[in-house]
Number of protein chains: 2
Amino acid sequence: MNNLTSRQFEIFEFIKKEIEFNGYPPTRSEIAKVFGFKSPNAAEDHLKALKKKGVLNIVSGASRGISIVKEDLGIPVIGLVNAGGPILAQENIEKRIPSSQNFLSHGVDFYLRVRGDSMIEAGILENDLIAVNKKAQIKKGSIVIARINDEVTVKTLKSISSELVVLQPENSDYSNIEVNPKTEDLSFEGTCVGLLRDFS
Amino acid sequence: MNNLTSRQFEIFEFIKKEIEFNGYPPTRSEIAKVFGFKSPNAAEDHLKALKKKGVLNIVSGASRGISIVKEDLGIPVIGLVNAGGPILAQENIEKRIPSSQNFLSHGVDFYLRVRGDSMIEAGILENDLIAVNKKAQIKKGSIVIARINDEVTVKTLKSISSELVVLQPENSDYSNIEVNPKTEDLSFEGTCVGLLRDFS
DNA sequence: TTAAATACTGTATATAATTACAGTTATGAA
DNA sequence: TTCATAACTGTAATTATATACAGTATTTAA
């Protein structure tokens with residue numbers, strides 16, 4: 001944690017637990033009471049320190065005007081997807097890209113690292129990161145992230161009906177993938193809403 | 001929602017949003033200001049009504065002593081598990097059992113409905129609900145919920161090593177399942193920590 | 001070694017906030 | 001019709017709370 005002293009960490013943890021338990025933050029006096037301070041000002045000093053270190057927000061004048069600064073974990077980058085589990089499972093997360101570091105972050109649930117060359121004619125190359133929105137409407141013509149029998153693949157959705165889904169690679173060396181969702185296990189993980197390529 | 005009037009619902013939603021946005025609940029005056037009340041007592045009246053209807057907790061004397069009563073959704077009961085997704089996916093949830101209705105709820109993440117008779121010698125019958133803890137230590141001898149190539153199964157964990165996992169059915173008609181986790185897709189969904197059987 | 005930061009005590013005060021009491025008006029159920 | 005509930009206005013008092021100022025002692029980085 002953000003170079004807090006051990007005492008500051010205790011106070012910080014207490015505040016978090018209070019919010020969790022009560023639904024609202026403690027007052028200076030409540031903090032002082034729990035830690036045995038004889039003055040609420042001891043708590044005030046701690047709050048100022050915790051604010052300075054960037055882990056708390058303090059709204060001046062507001063009673064209990066304390067909130068936890070939630071760290072920007074960043075948008076996860078998914079590398080290889082392990083079978084049999086959710087795509088966003090911890091073990092699939094290669095790293096995270098802070099949303100503040102990227103203009104392409106609004107409506108992006110995760111980035112998926114592209115494997116293979118099946119989409120090169122759509123300008124999507126191996127190792128590119130495609131930005132995926134999980135909730136955007138899946139529709140004909142959009143580039144979708146599909147899961148067929150637990151295999152994750154990125155393709156253009158060519159057509160969709162209750163008995164036939166056609167996924168089209170954007171590479172003339174490959175042929176269309178036809179799936180019957182009634183007999184095969186098909187799900188959509190999301191829609192491609194952007195692309196990142198790092199030349200470094 | 002708990003037969004709230006439309007006005008009460010507005011107030012309730014506002015309080016939820018405030019907590020979400022600020023990290024702490026609003027005061028009576030803040031509510032009054034937003035809704036155009038000329039007296040904080042109008043907000044007080046609403047809070048009393050919302051408390052009476054069971055959707056808010058009010059701590060008397062405490063500033064901003066408002067919290068949302070979180071409804072007990074209950075512990076999910078998992079019926080058939082669809083392949084290719086997380087076991088707790090919405091579509092697998094058969095129903096929910098309120099934790100308050102059951103002494104067997106502490107440390108239970110979900111109940112899984114048992115299919116087949118492979119565990120009858122351990123007293124686990126078809127249609128029983130086994131209580132599953134997702135985080136309990138997976139260890140030799142415990143009854144585990146395993147996922148092998150996307151098939152969910154309940155078995156006793158007989159032995160475990162990096163190259164061989166042995167899962168034992170508790171029924172002499174069946175033989176042990178041996179899995180190589182390096183070549184097959186094996187994961188543990190949790191440990192059986194209890195059992196429910198409804199005779200009704 | 002010296003200033004800054006940490007971790008408090010102790011006092012005091014302005015103001016933020018709860019909440020009671022007394023009303024008004026409107027609506028719908030018994 | 002009459003009573004309960006809902007949705008407020010208006011006033012006011014008690015208490016809850018933030019927070020400044022003045023100290024003390026100890027530890028830590030420059």
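In what follows, every heavy atom counts, from backbone to side chain, and hydrogens, waters and symmetry copies are set aside. Reminder, nothing fancy here: chain letters follow the sequence lines and each chain counts from 1.
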Query raised in the report: Base, sugar-phosphate, or nothing for A:Ala49, non-hydrogen atoms under 4.0 angstrom?
Result: nothing
Query - Length of the line joining B:Leu50:CG and D:dC8:P, which is rounded to integer Å - result: 12 Å
Requested in this report: Answer yes or no: does a side-chain N or O of A:Arg28 lie under 4.0 Å from OP1 or OP2 of D:dT17?
Outcome: no
Requested in this report: Give the rounded distance in Å between these two atoms: CG of A:Leu47 and P of D:dT17.
Outcome: 14 Å
Query raised in the report: Rounded to whole angstroms, how far apart are OH on B:Tyr24 and P on D:dA16?
Result: 21 Å
Query raised in the report: Near B:Glu151 CD, under 6.0 Å, is it more than 12 heavy atoms from other residues, nucleotides or ligands?
Result: no
Query raised in the report: Out of A:Phe12, A:Phe14, A:Phe37, which one pairs with A:His46 under the side chain to side chain contact (heavy atoms under 4.5 Å, CB included) rule?
Result: A:Phe37
Report task. Compare all side-chain heavy atoms of B:Asn127 with those of B:Arg113 and state whether any distance is below 4.5 angstrom. Result -> yes
Query raised in the report: What nucleic acid atoms does B:Arg7 come within less than 4.0 Å of, heavy atoms only: base, sugar-phosphate, or nothing?
Result: sugar-phosphate
Report summary line: Only one of B:Ile78, B:Val152, B:Thr191 passes side chain to side chain contact (heavy atoms under 4.5 Å, CB included) with B:Ile145, and that residue is B:Val152
Query raised in the report: Got a salt bridge between B:Lys33 and B:Glu30, using NZ or NE/NH1/NH2 to carboxylate O under 4.0 Å?
Result: no
Query raised in the report: Is any NZ, NE, NH1 or NH2 atom of the basic residue among A:Lys17 and A:Glu20 found under 4.0 Å from an Asp or Glu carboxylate oxygen of the other?
Result: no
Report task. Whole angstrom is fine here: how far is it from CD1 in B:Ile31 over to P in D:dA7? Result -> 14 Å
Query raised in the report: In whole Å, what is the span from the CZ atom of B:Phe37 to the P atom of D:dG10?
Result: 14 Å
Report task. Take A:Arg64 and B:Lys38, find for each the nucleotide of DNA chain D with the closest heavy atom, and name the residue whose nucleotide sits nearer the 5' end. Result -> B:Lys38
**Report entry** D:dA18 phosphate, OP1 or OP2, under 4.0 Å from A:Ser60 side-chain N/O
**Finding:** no
**Report entry** B:Ser63 or B:Ile11, whichever maps to the more 5' nucleotide of DNA chain D
**Finding:** B:Ile11
Report summary line: Rounded to whole Å, CZ of A:Phe9 lies from C1' of C:dT6 at a distance of 18 Å
**Report entry** Along DNA chain C (nearest heavy atom to each residue), the more 5'-positioned of A:Pro40 and B:Thr27
**Finding:** A:Pro40
Query raised in the report: For D:dT5, does either OP1 or OP2 sit under 4.0 Å from a side-chain N or O belonging to B:Gln8?
Result: no
Query raised in the report: Considering only heavy atoms and no angle criterion, is a donor-acceptor pair shorter than 3.5 Å present between the side chain of A:Asp45 and the base of C:dT6?
Result: no
Report task. For A:Phe35 and C:dT9, give me the distance from atom CZ to atom P, rounded to whole Å. Result -> 13 Å
Query raised in the report: OP1, OP2 of D:dA20 versus side-chain N and O of A:Lys48: anything below 4.0 Å?
Result: yes
Query raised in the report: Which nucleotide in the list D:dA6, D:dC8, D:dT17 gets nearest to the side chain of B:Lys53?
Result: D:dA6
**Report entry** Pair of N/O donor and acceptor under 3.5 Å linking C:dT11 base with A:Asn41 side chain
**Finding:** no
Query raised in the report: Taking atom C1' of D:dA20 as reference, at what distance in whole Å does atom CD of A:Glu44 sit?
Result: 9 Å
Requested in this report: Report yes if at least one side-chain N or O of B:Thr5 is closer than 4.0 Å to OP1 or OP2 of D:dA7; otherwise report no.
Outcome: yes
Query raised in the report: If you pin A:His46 and B:Gly65 to their nearest nucleotides in DNA chain C, which one's is more 5'?
Result: A:His46
Query raised in the report: B:Ser39 side chain: which of D:dT9, C:dT18, D:dA7 is closest?
Result: D:dT9
